[in-house]
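Below is one structure; the comments refer to it alone.
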Amino acid sequence: MRILIVEDEEKIGSFVKRGLREEGFAADLAGDGQTGLDLALSEPYDLVLLDVMLPDMQGTELCRRFRTAGKSAPVIMLTARDAVDDKVAGLDSGADDYLTKPFAFEELLARIRVQLRRAHNKSEGHTLKVADLEIDLDNHEVHRGGQRIDLFQREYSLLEYLMYNSGRVLTRSMIAQHVWDMEYDSFSNVIDVHINRLRKKIDTDINVRLIKTVRGSGYMIQEP
Ligand code: CA
């Protein structure tokens with residue numbers, strides 16, 4: 001899943017970006033409001049983390065423009081003050097949640113996961129399930145039929161994206177844009193390579209295969 005961070009405080013921005021990448025998210029950082037808005041409108045983010053106090057534009061204004069443009073990805077506001085006015089203004093502008101600085105990274109992660117589940121109509125909880133395949137979103141443990149499966153981080157991120165969108169066909173470009181960040185090389189076959197590795201780990205020796213190739217389109221994970 002891919003997250004945009006709009007934060008002018010370099011230290012906080014790079015700390016959050018690094019933390020999210022360590023958690024398997026693709027993450028991009030914008031240091032001012034205009035750059036943030038341009039990215040938010042041009043790239044298909046799964047979630048936006050938005051600082052309220054930006055040098056060139058209020059976070060609330062950015063959020064309002066994002067919603068006016070018809071974008072529905074969840075927005076979590078980061079506010080330095082614990083003022084009720086800020087929270088109300090944030091939610092009024094179309095934000096889904098807010099977090100007061102300073103915040104614990106674990107708290108931010110928990111809020112992100114709530115918003116991602118909600119946006120994908122997944123029930124509350126810490127796991128995503130398709131048939132007997134289950135992933136734990138908190139500790140990234142993957143089980144199929146009760147057997148633990150070890151995945152590399154990018155394989156996990158790919159599986160998480162497929163699981164959030166179970167039953168939906170995902171094109172290679174969607175996968176590239178949601179699992180990889182700006183550094184992705186669109187001429188490589190890296191997605192097919194990762195899908196094959198994932199299949200070897202979760203769909204081997206089992207009669208019921210969950211990851212389907214949709215010819216000419218892409219991939220999908222689905223209940224058999
Ligand atoms: Ca700020």
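Quantities reported herein were computed from a predicted structural model and do not represent experimental measurements. Both counts, for ligands and for their atoms, begin at 1 and track the order of listing.
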Protein N/O/S atoms closer than 3.0 Å to the Ca ion (ligand 1):
Asp8 OD1, Asp51 OD2, Met53 O

Not counting sequence neighbours, which residues clear salt bridge (Lys or Arg N to Asp or Glu O under 4.0 Å) with Arg67? List them please.
Asp96

Please name the pair of heavy atoms, one in Arg2 and one in Trp180, separated by the smallest distance, quoted to 0.1 Å.
CD-O, 3.9 Å

Modelled atom types, side-chain donor and acceptor of Tyr45 and Asp28, under 3.5 Å
yes

Consider only side-chain N and O atoms of Glu160 and Tyr156, and report whether a donor and an acceptor are under 3.5 Å apart.
yes

So if I apply the side chain to side chain donor-acceptor pair (under 3.5 Å) rule between His126 and each of Asn139, Asp138, Asp136, which one comes out positive?
Asp138

For the student: nearest non-hydrogen atoms of Val130 and Gln222, plus distance
CG1-C, 3.7 Å

